[in-house]
Amino acid sequence: MERHGTEGLRVARVTPAELSSFKYLRDEGLRLHPEAFDADIEGEQARPPESYIGRLGLYEPLGGTFLIGAWLGQDMVGMIGLERHSLPKLRHSAELNSMLVKPKHCGKGIGMSLIKECLAQARKAVGLELLTLRVSTETADAVRLYERAGFKACGAVPHAVRLIDGAGQVRYIDRLTMALIL
């Protein structure tokens, strides 16, 4: 299902044919915002686009696993992912991840369009009741965006991410866990 929003913006689930665009944007995000991702660019850069096919949820009979992209023309300018937990006691929940809007497109409502489509798709999933996410406490704009979408803070994990720069300096990032009951 597609939804059209801001001036030619197309927000829709990513298809297998669009995984190269997803990977390009993801790699850009890993370079620009290493604190926002659990993965690192060194480990992810070598992965082929096809390695992300499981994140499309094509074989998830109950739904709740997918990638959504935002396009302006042929350019993927934003993305968001949802991954449903597979363990029986956790099947009622999924984790929102891989949220990114290209810097030059921030502040135009694309992030909220992605979240709204993610929530719409999540509500179609059989038995899905809870969405969680983890966001850097340093990104106040992202926290406010999630709050506007209905997510509530549950607590922060100090030193959740450990980054080491080129000079060997260590920097820690605290992560806020947020939740939304569907």
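Heavy-atom basis, side chains included; hydrogens, waters and symmetry copies ignored.
- With sequence neighbours left out, Y24 forms a ring pair (Phe, Tyr, Trp, His ring centres under 6.0 Å) with no residue at all.
- The minimum heavy-atom distance between P16 and L58, with the atom names listed, is CG-CD1, 3.9 Å.
- Taking NZ of K116 as the reference point, atom CD1 of I80 lies at 13.0 Å (rounded to 0.5 Å).
- Heavy-atom minimum distance, G64 versus A94: O-CB, 4.0 Å.
- We find the CG-CZ distance between L130 and R84 to be 11.0 Å, quoted to the nearest 0.5 Å.
- L100 places none of its side-chain heavy atoms less than 4.5 Å from the side chain of R26.
- In terms of heavy-atom proximity, A156 sits nearest to T137 at CB-CG2, 4.5 Å.
- The cluster map of Ile, Leu, Val, Met, Phe, Trp and Tyr, joined by side-chain heavy atoms under 4.5 Å apart, puts V101 and L119 in the same cluster.
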Worksheet item: What's the verdict on side-chain contact (heavy atoms from CB on, under 4.5 Å) for D38 and R134, showing C-alpha distance, side-chain angles and the deciding distance?
Response: CA-CA 10 Å; D38 291 344; R134 292 172 295 129; 2.7 Å; yes
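- For V161, the side-chain contact (heavy atoms from CB on, under 4.5 Å) partners at least two apart in sequence or on another chain are L163, I173, R175.
- Sorted by first and then second residue, the ring pair (Phe, Tyr, Trp, His ring centres under 6.0 Å) pairs involving residues 72-115 (not counting sequence neighbours) form an empty list.
- Listed by first then second residue, pairs satisfying ring pair (Phe, Tyr, Trp, His ring centres under 6.0 Å) with a partner in residues 47-69 read F22-Y52, not counting sequence neighbours.
- Note on L131 and I115: same hydrophobic cluster, where clusters join Ile, Leu, Val, Met, Phe, Trp and Tyr whose side-chain heavy atoms are under 4.5 Å apart, directly or indirectly.
- E129 has its side chain out of reach of L182: every pair of non-hydrogen atoms, C-beta onward, lies at least 4.5 Å apart.
- Hydrophobic clustering keeps L96 apart from M79 (ILVMFWY residues linked when any side-chain heavy atoms are closer than 4.5 Å, directly or through intermediates).
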Practice prompt. Apply side-chain contact (heavy atoms from CB on, under 4.5 Å) to the pair S98 and R55, showing each step before the final yes or no.
Written response: CA-CA 11 Å; S98 299; R55 296 195 55 198; 2.9 Å; yes
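- When all heavy atoms of L128 and S93 are compared, the closest pair comes out as CD1-C, 3.6 Å.
- Residues forming a side-chain contact (heavy atoms from CB on, under 4.5 Å) with E18 (at least two apart in sequence, or on another chain): R10, V14, T15, W71.
- Looking at every heavy atom in both residues, L82 comes nearest to C118 through CB-SG, 4.2 Å.
- To the nearest 0.5 Å, atom NZ of residue K108 and atom CG of residue L72 are 7.5 Å apart.
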Practice prompt. May I have the step-by-step check of side-chain contact (heavy atoms from CB on, under 4.5 Å) for L56 and R13, ending in yes or no?
Written response: CA-CA 8 Å; L56 299 181; R13 286 180 71 152; 5.9 Å; no
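- By the ring pair (Phe, Tyr, Trp, His ring centres under 6.0 Å) test, F37 pairs with no residue at all, sequence neighbours left out.
- Using a 4.0 Å cut-off between charged nitrogen and carboxylate oxygen, E60 and R91 count as a salt-bridge pair.
- Considering only heavy atoms from C-beta on, V135 stays 4.5 Å or farther from M99 through its side chain.
- Side-chain contact between D27 and I41: present, with at least one pair of heavy atoms (C-beta onward) separated by less than 4.5 Å.
- Rounding to the nearest 0.5 Å places CG of D40 at 7.5 Å from CG of L30.
- In this structure, the side chains of Y146 and L180 stay at 4.5 Å or more apart for every pair of heavy atoms.
- Aromatic ring pairs are classed by plane angle as parallel below 30°, tilted from 30° to 60° and perpendicular above 60°; the pair Y172 and H159 is parallel.
- Using a 4.5 Å cut-off between side-chain heavy atoms of Ile, Leu, Val, Met, Phe, Trp and Tyr, with links allowed through other members, L67 and V77 fall into different hydrophobic clusters.
- The two residues V11 and A70 have their closest heavy-atom pair at CG2-CB, 4.2 Å.
- Cluster membership check: I110 does not share its hydrophobic cluster with M76, using side-chain heavy-atom separations under 4.5 Å among Ile, Leu, Val, Met, Phe, Trp and Tyr.
- Taking the side chain as every heavy atom from C-beta outward, L25 and K102 approach each other to under 4.5 Å.
- A salt bridge is absent between K23 and E44; no separation between the charged side-chain nitrogens and carboxylate oxygens falls under 4.0 Å.
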